[in-house]
Amino acid sequence: MQRILTIMILILFGFSLKGEEIRKDSIIVSLLTCDPGADIYELCGHEAVRVRGMLNGERIDSVWNYGVFDFSEPNFVYRFVKGETDYRLAGYPTSWFMPEYVAAGRRVVEQDLNLSAEEAGRLHSLLREESKPENCKYRYNYVRDNCATRILWRLDTAASSRVIYPDDVRYGTFRKEMRAYHRNYPWYQFGIDLALGGGLDRPLRGREEMFVPVEMMRKVGDAHFEDGRKLVSSTRILNEGNGDVTLPATPWYLTPMAAGCLILLISLLAASWEIWRKKIISAIYVIWFGICGIAGCVVFFLVFISEHEATSPNLLLIWLNPLQLLMALCVLSVRLRYGAVAMAWYNIVATGSLLVVWPFQAQSANPAVFPMMGATVVLAIAYAMASGQKESELSSRNEKNNNNGALRSGHNERGRAGGTRRSSAATPRGGNRR
């Protein structure tokens, strides 16, 4: 009887220890992937970490979000353009995280990670440490250091075995991947293509494409540890959403390409009129080259001052640069026309050459820039020709005036000479009379 009681006590004690161990260590770490939203900063979706279960006898269910930023921070726009945007990691209850995506109709997918208790605890400790006020800020980078890539790095640190992701490449470059997710926002992509240079066009490896959360979800689902374990143990949909909630496709006549073709057409008509009438339509040059100059100031700032790594080199700086403002100003004054002529020849040679060599270099450009560059060259040619014709006319007119002046001067000289002769001839006659 005593032996039976002893066995029962040991069994119960063992169960109680096991239950205590579960209460302390049974946490599950999962990834939450949110589909793209309608705002431009939501177009690639969002990624966060969820930790739920029992920890130290308490039930927890929290989300760890690397995508927290504050628009109200001083000089936010300037610092964002300069590449000094600071995001932060924040941890808060899952019940605070979901309502935003439910209200927006965005699908939310959860992937439970196949981590051991030790690995899950290590990852949770990393997140808690990094979310402290003194550690939570980090310098955001759109393609290299964002809400998705940060999670991958922390997972690499916490895992006991290396994670192997599929190395297939769907897009090939950062720019092509962005275009796929920005397809209904052509003006936003147009701005990105102007501002960001050749750094977006280098070939990528499979893991580098995971800067987009939706692509990260796909690759994580097929990943495994080096020891053979699958990275994801189960997948579920927390919110079905309403399908694609991004804006509908932009009508073709409101796209940058349509605007570029219209600008080129106006430039061709204006250039033809200017060459025919030998007159300059100053307003067109002020407006177009003013726009190019202002855009050039932004590109110049991004290339030489901004800390964004993908902004330099940017060959579009040959076309879009602050010098274009000189053209806009010089056409307003006859005294400054030589400056305008110099800028016209710059655009004929430099921008024209850029159009010719573009297909043979690595940087990709938005298709709409080519008719716009063409418009710049056309207007420059028209200005140079019209100015040359006007200069030739002025030279001819001056030469004619000089010749007429010389003829008049010759007549006057002959008249004066004849008068002298008549006067000298009259004198003897007068003398004879005396």
Side-chain angles (χ1 to χ4, degrees), residues 31-50 63-73 76-77 79-81 85-90 92 94-111 140-151 170-171 174-196 200 209-220 236-259 308 310 366-368:
L31 301 180
L32 300 180
T33 305
C34 310
D35 274 6
D39 292 327
I40 57 175
Y41 61 86
E42 300 172 333
L43 291 180
C44 290
H46 185 51
E47 195 77 26
V49 178
R50 183 184 183 187
V63 164
W64 303 84
N65 183 0
Y66 280 101
V68 178
F69 61 92
D70 185 4
F71 274 126
S72 65
E73 288 185 350
F76 180 87
V77 175
R79 294 176 64 229
F80 182 84
V81 174
T85 308
D86 289 332
Y87 277 41
R88 53 173 60 94
L89 169 65
Y92 47 86
T94 303
S95 59
W96 296 5
F97 180 82
M98 289 299 298
E100 173 186 353
Y101 300 97
V102 173
R106 297 167 63 181
R107 187 181 66 151
V108 180
V109 178
E110 183 174 25
Q111 295 171 297
Y140 177 81
N141 182 296
Y142 188 77
V143 296
R144 293 194 177 279
D145 198 351
N146 62 15
C147 64
T149 59
R150 281 251 154 182
I151 293 172
R170 299 184 67 181
Y171 303 100
F174 288 127
R175 196 186 305 272
K176 289 179 180 177
E177 190 165 359
M178 288 179 183
R179 287 174 177 171
Y181 283 88
H182 303 165
R183 58 187 177 275
N184 290 348
Y185 295 70
W187 284 102
Y188 175 54
Q189 184 60 45
F190 178 73
I192 289 177
D193 288 337
L194 290 184
L196 302 184
L200 289 184
E209 291 189 334
M210 296 169 69
F211 78 94
V212 174
V214 178
E215 297 300 322
M216 175 177 165
M217 178 183 69
R218 183 180 68 84
K219 289 183 180 289
V220 163
R236 71 189 62 82
I237 297 177
L238 299 185
N239 184 54
E240 286 285 354
N242 300 329
D244 186 359
V245 298
T246 60
L247 297 179
T250 302
W252 68 268
Y253 51 84
L254 296 178
T255 62
M257 176 57 80
H308 286 295
N366 194 287

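These values consider heavy atoms only, across backbone and side chains, with no hydrogens, waters or symmetry-generated copies.
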Can you tell me how far the [atom1] atom of [X] sits from the [atom2] atom of [Y], to the nearest 0.5 Å?
X: Ile40; Y: His182; atom1: CD1; atom2: NE2; value: 8.5 Å
X: Arg50; Y: Glu110; atom1: CZ; atom2: CD; value: 4.5 Å
X: Arg107; Y: Ile237; atom1: CZ; atom2: CD1; value: 5.5 Å
X: Tyr142; Y: Cys44; atom1: OH; atom2: SG; value: 3.5 Å
X: Thr255; Y: Gln189; atom1: OG1; atom2: CD; value: 13.5 Å
X: Tyr188; Y: Ile192; atom1: OH; atom2: CD1; value: 4.0 Å

### Query
Can the ring centroids of Tyr66 and Tyr140 be said to lie less than 6.0 angstrom from one another?
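No: the rings miss the under 6.0 Å criterion.
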Backbone N/O of [Y] and side chain of [X]: donor-acceptor pair under 3.5 Å:
X: Asn184; Y: Leu247; result: yes
X: Asp39; Y: Glu42; result: no
X: Arg218; Y: Glu215; result: no
X: Asp244; Y: Thr246; result: yes

### Task
Please report the C-alpha distance between Asn239 and Met98 in whole Å, then the side-chain angles of each, then the deciding distance to 0.1 Å, and finally whether the side chain to side chain contact (heavy atoms under 4.5 Å, CB included) criterion is met.
CA-CA 8 Å; Asn239 184 54; Met98 289 299 298; 4.1 Å; yes
Can you check whether [X] reaches [Y] side chain to side chain, under 4.5 Å on heavy atoms?
X: Thr85; Y: Tyr87; result: yes
X: Thr149; Y: Arg144; result: no
X: Leu32; Y: Leu238; result: yes
X: Val49; Y: Leu31; result: yes

### Message
For Met217 and Val109: C-alpha separation, side-chain torsions, deciding distance, then whether side chain to side chain contact (heavy atoms under 4.5 Å, CB included) applies.
### Response
CA-CA 9 Å; Met217 178 183 69; Val109 178; 3.6 Å; yes
### Results of ring pair (Phe, Tyr, Trp, His ring centres under 6.0 Å) for Phe97 - residues two or more places apart only
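Phe97 satisfies ring pair (Phe, Tyr, Trp, His ring centres under 6.0 Å) with Tyr101 once adjacent residues are dropped.
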### Which residues share a ring pair (Phe, Tyr, Trp, His ring centres under 6.0 Å) with Phe190, sequence neighbours left out
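Partners of Phe190 under the ring pair (Phe, Tyr, Trp, His ring centres under 6.0 Å) test: Trp187.
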Looking only at non-hydrogen atoms, find the nearest pair between [X] and [Y] and report the distance.
X: Pro213; Y: Phe211; result: CD-O, 3.5 Å
X: Gly37; Y: Leu43; result: O-CD2, 3.5 Å
X: Met257; Y: Ala368; result: N-CB, 3.6 Å
X: Val245; Y: Ala104; result: CG1-O, 3.6 Å

### Query
Tell me the salt bridge (Lys or Arg N to Asp or Glu O under 4.0 Å) pairs involving residues 185-196, sequence neighbours left out?
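Qualifying pairs: Arg175-Asp193, Arg179-Asp193.
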### Message
One pair to check against side chain to side chain contact (heavy atoms under 4.5 Å, CB included): Ile151 and Trp64. What are the steps and the verdict?
### Response
CA-CA 10 Å; Ile151 293 172; Trp64 303 84; over 6 Å; no
### Message
Does Met178 form a side chain to side chain contact (heavy atoms under 4.5 Å, CB included) with Val143? I'd like the steps, not just the answer.
### Response
CA-CA 10 Å; Met178 288 179 183; Val143 296; 3.4 Å; yes
### Glu209/Arg170 salt bridge by N-O under 4.0 Å criterion
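Salt bridge between Arg170 and Glu209, a charged N being under 4.0 Å from a carboxylate O: no.
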### Task
Salt-bridge test for Glu47 and Arg150: reply yes if a basic N is under 4.0 Å from a carboxylate O, no otherwise.
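Arg150 and Glu47: not salt-bridged.
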### Query
Between the side chains of His46 and Asp35, is a donor N or O closer than 3.5 angstrom to an acceptor N or O?
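No, because no side-chain N or O of His46 sits under 3.5 Å from a partner of the opposite role on Asp35.
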